[in-house]
Amino acid sequence: MGKERRGKFNILDLAVVVIILVLIFGAVYKFRGLDKTSKSASMETVTYEMTVESLRNYAFDNLQVGDTVFDYTSGNAIGTITNIEWRDATDPFYTTDGQTIEAPVENRYDAVITIEAQATNVDEVYFVDKTYELCVNSKRKIYTKYADCTAVITGINK
């Protein structure tokens with residue numbers, strides 16, 4: 001029979017030791033070296049404005065102060081209407097001399113809706129219900145008890 005190689009250290013043993021050391025150092029770095037993320041974000045009351053364009057006059061009855069506003073995609077509540085400002089709707093109109101002017105649209109109205117919600121503040125970014133990011137100029141589908149529309153977030157007040 002051949003010689004047995006007891007107590008000899010080969011390349012396979014070295015690879016196993018290196019892998020074990022890398023795993024140990026990785027675990028130590030993860031649990032001791034990395035900064036901890038904050039587990040709790042501060043909740044605060046935020047008011048933001050959404051503009052809904054070109055509504056017909058029946059929307060006066062469908063959008064009411066005190067209604068809860070929901071996100072169309074998730075179905076989650078994203079705040080309560082605290083104020084509605086109605087304005088005459090306008091569209092761009094191109095004149096024969098090449099100018100563009102804002103012309104009123106008959107029987108159409110724009111609604112500027114002020115919504116109040118509890119939001120988390122993470123690095124000056126607001127999230128309602130921890131998932132609905134408030135981002136100015138973003139277009140969102142929303143609904144209330146009696147209305148369904150597309151709105152644009154036009155302002156955020158802290």
Side-chain angles (χ1 to χ4, degrees), residues 19-158:
I19 290 172
I20 291 172
L21 287 175
V22 167
L23 289 173
I24 291 171
F25 286 124
V28 168
Y29 177 72
K30 178 180 178 185
F31 293 112
R32 300 261 177 162
L34 291 176
D35 291 335
K36 303 286 188 246
T37 56
S38 63
K39 299 270 189 235
S40 63
S42 62
M43 291 289 287
E44 56 188 84
T45 301
V46 174
T47 57
Y48 60 100
E49 293 180 347
M50 296 184 105
T51 301
V52 184
E53 296 180 341
S54 294
L55 293 171
R56 297 223 182 249
N57 58 357
Y58 61 79
F60 291 135
D61 296 326
N62 294 347
L63 287 173
Q64 297 292 322
V65 172
D67 284 352
T68 301
V69 179
F70 298 92
D71 173 43
Y72 193 82
T73 305
S74 68
N76 295 333
I78 57 171
T80 304
I81 298 174
T82 58
N83 188 38
I84 302 173
E85 182 181 327
W86 294 97
R87 300 178 182 164
D88 290 333
T90 59
D91 271 342
F93 179 74
Y94 306 102
T95 62
T96 56
D97 60 354
Q99 294 182 359
T100 303
I101 60 171
E102 290 293 320
V105 179
E106 190 175 337
N107 297 324
R108 296 285 183 152
Y109 302 92
D110 293 345
V112 179
I113 305 168
T114 304
I115 301 171
E116 185 176 279
Q118 291 295 315
T120 54
N121 181 355
V122 180
D123 296 329
E124 296 302 318
V125 177
Y126 293 96
F127 292 92
V128 176
D129 198 30
K130 295 182 183 176
T131 56
Y132 189 82
E133 181 180 359
L134 298 180
C135 184
V136 174
N137 292 328
S138 61
K139 188 179 276 191
R140 307 291 176 94
K141 287 195 72 157
I142 60 170
Y143 67 94
T144 64
K145 191 185 325 184
Y146 299 111
D148 184 0
C149 55
T150 301
V152 176
I153 299 176
T154 53
I156 301 170
N157 304 316
K158 300 176 185 178

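Because the structure is a prediction, the values reported are computed rather than measured.
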Pairwise side-chain contact, [X] with [Y], heavy-atom cut-off 4.5 Å (strictly under):
X: E53; Y: T51; answer: yes
X: D91; Y: F93; answer: no
X: N107; Y: N57; answer: no

Nearest 0.5 angstrom please: [X] [atom1] to [Y] [atom2], how far?
X: D110; Y: E85; atom1: CG; atom2: CD; answer: 10.5 Å
X: L55; Y: R87; atom1: CG; atom2: CZ; answer: 13.0 Å
X: D61; Y: Y146; atom1: CG; atom2: OH; answer: 11.0 Å
X: T144; Y: I115; atom1: OG1; atom2: CD1; answer: 10.0 Å
X: I153; Y: R140; atom1: CD1; atom2: CZ; answer: 4.5 Å

* Asked: How about Y126 and Y48: are their ring centroids closer than 6.0 Å?
  -> no

Least distance between heavy atoms, [X] atom then [Y] atom:
X: A111; Y: L63; value: CB-CD1, 4.4 Å
X: T154; Y: M50; value: OG1-N, 4.2 Å
X: V65; Y: I84; value: N-CD1, 4.0 Å
X: A151; Y: V52; value: CB-CG2, 3.7 Å
X: A77; Y: V128; value: O-CG1, 4.1 Å
X: I156; Y: C135; value: CD1-N, 4.3 Å

* Asked: Distance-only, no hydrogens or angles: does the S54 side chain make a donor-acceptor pair with backbone N or O of R108 under 3.5 Å?
  -> no

* Asked: Taking T82 for the side chain and T114 for the main chain, is one N or O donor matched with an acceptor at less than 3.5 Å?
  -> yes

* Assess whether atom CD of E106 is packed by more than 12 heavy atoms of other residues, nucleotides or ligands within 6.0 Å. => no

* Asked: For residues 62-79, which residue pairs qualify under side-chain hydrogen bond (donor to acceptor under 3.5 Å, both in side chains), counting only residues two or more places apart or in two chains?
  -> D71-S74, S74-N76, N76-D129

